[in-house]
Amino acid sequence: MSDLYCVFGNPIAHSRSPAIHSAFAKATGQDLIYEARLAAVDGFPLAVSEFVAAGGKGANVTVPFKEEAFRLATRLSERAARAGAVNTLAFDGAEIFGDNTDGAGLLRDITNNLGFPLLGKRILLLGAGGASRGVIAPLLAEKPASLFIANRSADKATALAQAFADMAPLDAGGFAETAGKSFDLVINATSASLSGDSLPLLPGIFAPGGLAYDMMYGKGETPFLLLAREQGAARCADGLGMLVEQAAEAFFVWRGVRPSTGVVLADLRAKLTA
Ligand code: NDP
């Protein structure tokens with residue numbers, strides 16, 4: 001019988017994870033089934049226990065359950081413990097192992113797929129929610145020259161900077177506090193686009209050759225990337241590569257096999273723009 005995996009979220013109908021993991025399984029010859037499962041907003045633990053009872057081996061976790069998955073795990077990877085959020089679960093008897101592959105996915109997309117090494121770079125991270133928290137340690141591990149966290153609610157950015165201060169000195173504040181500074185990489189980890197809001201990016205924020213990276217993706221250029229281009233970003237990338245790379249890392253956690261991502265990413269991109 002095929003091993004069973006799924007992604008939990010609410011909503012979940014539009015998730016691309018089943019298509020991504022099915023393509024990985026086919027390419028690597030792994031015998032597994034991967035499905036999307038809608039969990040009730042107040043029913044995540046129940047949904048997980050029902051899935052485990054049905055023989056589920058592992059699961060991805062998306063909005064709004066990543067922090068609940070963190071609390072549900074009986075054992076955490078170091079990167080999940082640091083992130084305070086879990087996007088990958090593996091079930092083994094009574095053990096629920098929690099991992100977080102979002103940061104590794106972002107790093108692999110930026111450094112491998114986009115060929116943009118972070119050593120010595122000045123990075124601006126916009127947003128102080130779960131996605132932002134999950135990528136700070138992996139970004140710092142690349143030894144950038146600096147990392148500034150800017151958030152609409154400045155106090156959340158400051159708290160996040162303090163939580164990672166043992167790794168490197170971080171700057172943090174509101175968007176206005178980026179005045180007069182420029183960055184080699186600006187990452188949008190806010191959900192502003194979901195409400196159709198544009199971010200108050202200040203002129204001069206992009207250094208020459210600067211990369212604008214939006215964790216969001218969609219048909220055409222995202223509102224953040226359109227704005228970044230206007231503000232002088234030399235390169236723009238959306239988060240579709242991060243989505244595929246975090247999935248590949250989760251696949252590796254479960255199966256011990258690292259799938260190639262290039263063809264799957266190109267297929268998804270073609271479907272998105274069709
Ligand atoms: P959270 O809800 O945890 O955090 C949202 C963040 O966005 C907060 O910092 C919030 O600021 C900020 N924000 C929301 N609305 C606005 C606005 N109108 N103007 C300015 N800032 C705003 O979300 P996540 O961190 O989980 O996710 C953030 C984004 O990253 C989402 O769009 C998600 O889809 C994407 N993502 C993509 C992934 C991928 O694989 N490509 C993986 C993970 C996430 P405040 O604190 O002031 O409320």
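Whatever order the structure lists ligands and atoms in, that order sets their numbers, starting from 1. Numbers for residues simply follow the sequence, beginning at 1.
- Two residues are said to be in side-chain contact when any heavy atoms from C-beta on lie closer than 4.5 Å; Y34 and W254 meet this criterion.
- For atom 4 (O) of ligand 1, the nearest non-hydrogen atom of the protein is G129 CA, 3.5 Å.
- Residue A131 holds the heavy atom nearest to atom 27 (O) of ligand 1 of all those in A131, S153, G105.
- Remark: minimum distance from atom 20 (C) of ligand 1 to any protein heavy atom is reached at L199 CD2, 3.5 Å.
- The backbone N or O of A274 sits less than 3.5 Å from a side-chain atom of K219, completing a donor-acceptor pair.
- At least one side-chain heavy atom of T101 sits less than 4.5 Å from a side-chain heavy atom of R79.
- Every N/O-N/O distance between M216 and ligand 1 stays at or above 3.5 Å.
- Summarising the contacts of atom 18 (N) of ligand 1 with T101, V63, T222, D197, the nearest heavy atom is found in D197.
- Scanning the protein for heavy atoms near atom 3 (O) of ligand 1, the closest one is G130 N, 3.0 Å.
- Closest protein heavy atom to atom 22 (C) of ligand 1: R152 CZ, 3.8 Å.
- Closest to atom 29 (C) of ligand 1 by heavy atom, among T190, D214, T62, I149, is T190.
- Geometrically, ligand 1 and K156 share a nitrogen or oxygen pair separated by less than 3.5 Å.
- Proximity annotation for atom 9 (O) of ligand 1: of N151, L240, D109, N151 comes nearest, heavy atoms only.
- Contacts of F206 classified as ring-ring contact (aromatic ring centres under 6.0 Å, His included), with partners at least two apart in sequence or in another chain: none.
- The S195 neighbourhood of ligand 1 comprises atoms 18 (N), with distances under 4.0 Å to a heavy atom of that residue.
- For ligand 1, the polar-atom distance check finds no N/O of G127 at less than 3.5 Å from any of the ligand's N/O atoms.
- Regarding atom 28 (C) of ligand 1, its nearest protein heavy-atom neighbour is A189 O, 3.3 Å.
- Remark: atom 33 (C) of ligand 1 lies closer than 4.0 Å to no protein heavy atom.
- The nearest protein atom to atom 14 (C) of ligand 1, hydrogens excluded, is given as S191 OG, 3.4 Å; this is a heavy-atom distance.
- The ligand atoms of ligand 1 that sit less than 4.0 angstrom from a heavy atom of K66 are 43 (C).
- When heavy-atom distances to ligand 1 are checked against a 4.0 Å cut-off, R133 has no atom that comes that close, whether in backbone or side chain.
- Across E245, M215, M242, heavy-atom proximity to atom 42 (C) of ligand 1 is greatest for M242.
- Taking the centre of each ring, F44 and F65 come in below the 6.0 Å mark.
- Side chains of D214 and T222: a donor-acceptor N/O pair is present below 3.5 angstrom, by distance only.
- With ligand atoms numbered from 1 in the order given, ligand 1 contributes 9 (O) to contacts under 4.0 Å with heavy atoms of A128.
- Pairs of residues two or more places apart, or lying in two chains, that qualify as salt bridge (Lys or Arg N to Asp or Glu O under 4.0 Å) and include a residue from residues 58-71 are K66-D102.
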